[in-house]
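Just the heavy atoms: all of them, side chains too, but no hydrogens, waters or symmetry mates, feed the values below. Position 1 is the first residue of the sequence, and the numbers go up from there. The structure displayed is predicted, hence computed values, not measured ones.
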Amino acid sequence: MKRRTSMKLLGGAAALLALTACAQPQGDDIVDIAAGNPDFSTLVAAVQAAGLVDTLKSDGPFTVFAPTNAAFAALPAGTLDSLLLPENKDTLTSILTYHVVPGQVTAGDVLGTRQNVATVNGATVDVNGQAGKLGTGVKVNDANVTTADIFATNGVIHVIDKVLLP
């Protein structure tokens, strides 16, 4: 009888350890994930130019609405080149921090709702989880979330098809 009880306790302890290990953040942070995806090379260059790498590698959690290279390419000609100049660092930082929300917000948190959400730069974005024909899409201002819920150790990334401008 004692042996069965001991085995149950050991099994329970092993299960608890396994669950604890699963609950610990594993893998890459937001910057590492973006740097590892060629569709985010422009975003990574902008984050580096703005000096935000250390911030986005910190504990967070953060929710990042990440524009693709195509989203940056859709900006008016010369805009990106101008923003990447050292004298425009404050403007670039303002734009990039407009893409970041403190805390972790998943698509499931907003589906079926519409909310104004405060960003790190102090302005709000309109997160519309009622977008699309059947209310199954998510929009941030006028940008579509094309891929949701890319989890990082310090938050979540949602891929968007436009650059958000404050």
Can you tell me if [X] uses its side chain to pair, donor with acceptor, with the backbone of [Y] under 3.5 Å?
X: Thr79; Y: Leu75; result: no
X: Asn144; Y: Thr146; result: no
X: Asn154; Y: Ser58; result: yes
X: Asp161; Y: Ala143; result: no
X: Gln104; Y: Pro61; result: no
X: Thr124; Y: Val117; result: no
X: His158; Y: Asp149; result: yes

Return the [atom1] to [atom2] distance between [X] and [Y], rounded to the nearest 0.5 Å.
X: Leu56; Y: Gln48; atom1: CG; atom2: CD; result: 11.5 Å
X: Leu164; Y: Ile95; atom1: CG; atom2: CD1; result: 10.0 Å
X: His99; Y: Leu43; atom1: NE2; atom2: CG; result: 8.0 Å
X: Lys139; Y: Ile160; atom1: NZ; atom2: CD1; result: 11.0 Å
X: Leu111; Y: Asn128; atom1: CG; atom2: CG; result: 10.0 Å
X: Leu96; Y: Thr119; atom1: CG; atom2: OG1; result: 11.5 Å

Side chains of Asp109 and Val105, heavy atoms from C-beta outward: is any pair under 4.5 Å?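 Yes, their side chains come closer than 4.5 Å.
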Heavy-atom distance under 4.5 Å between the side chains of Phe40 and Val159, does that happen here?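 Yes, close enough: below the 4.5 Å cut-off.
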Between [X] and [Y], what is the shortest heavy-atom contact and its length?
X: Asn69; Y: Thr42; answer: OD1-N, 2.9 Å
X: Val145; Y: Val140; answer: CG2-CG2, 4.0 Å
X: Ala50; Y: Lys89; answer: O-CE, 3.2 Å
X: Val101; Y: Ala118; answer: CG1-O, 3.7 Å
X: Ala49; Y: Leu92; answer: CB-CD2, 3.8 Å
X: Ala66; Y: Ile157; answer: CB-CG2, 3.7 Å

According to a hydrophobic-cluster definition based on side-chain heavy atoms being under 4.5 Å apart (Ile, Leu, Val, Met, Phe, Trp, Tyr only), do [X] and [Y] belong together?
X: Leu165; Y: Leu84; result: yes
X: Phe72; Y: Leu85; result: no
X: Phe65; Y: Val110; result: yes

Qualifying residue for side-chain contact (heavy atoms from CB on, under 4.5 Å) with [X], from [options]:
X: Lys57; options: Ile30, Val47, Asp29; answer: Asp29
X: Tyr98; options: Val120, Val163, Val125; answer: Val125
X: Val31; options: Asp54, Val53, Thr55; answer: Val53

Begin with the C-alpha distance, continue with both residues' side-chain angles, and end with the deciding distance and a verdict on side chain to side chain contact (heavy atoms under 4.5 Å, CB included) for Leu52 and Thr93. CA-CA 8 Å; Leu52 294 173; Thr93 300; 4.2 Å; yes
Given the rule in the side-chain hydrogen bond (donor to acceptor under 3.5 Å, both in side chains) test, do Ser82 and Asn88 qualify, once you have shown the distances and angles that lead to the verdict? CA-CA 7 Å; Ser82 176; Asn88 294 325; 3.2 Å; yes
With a sphere of 6.0 Å drawn around CG of Asn116, does it hold more than 12 non-hydrogen atoms of other residues, nucleotides or ligands?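 Yes, CG of Asn116 has more than 12 neighbouring heavy atoms, counting only those of other groups under 6.0 Å.
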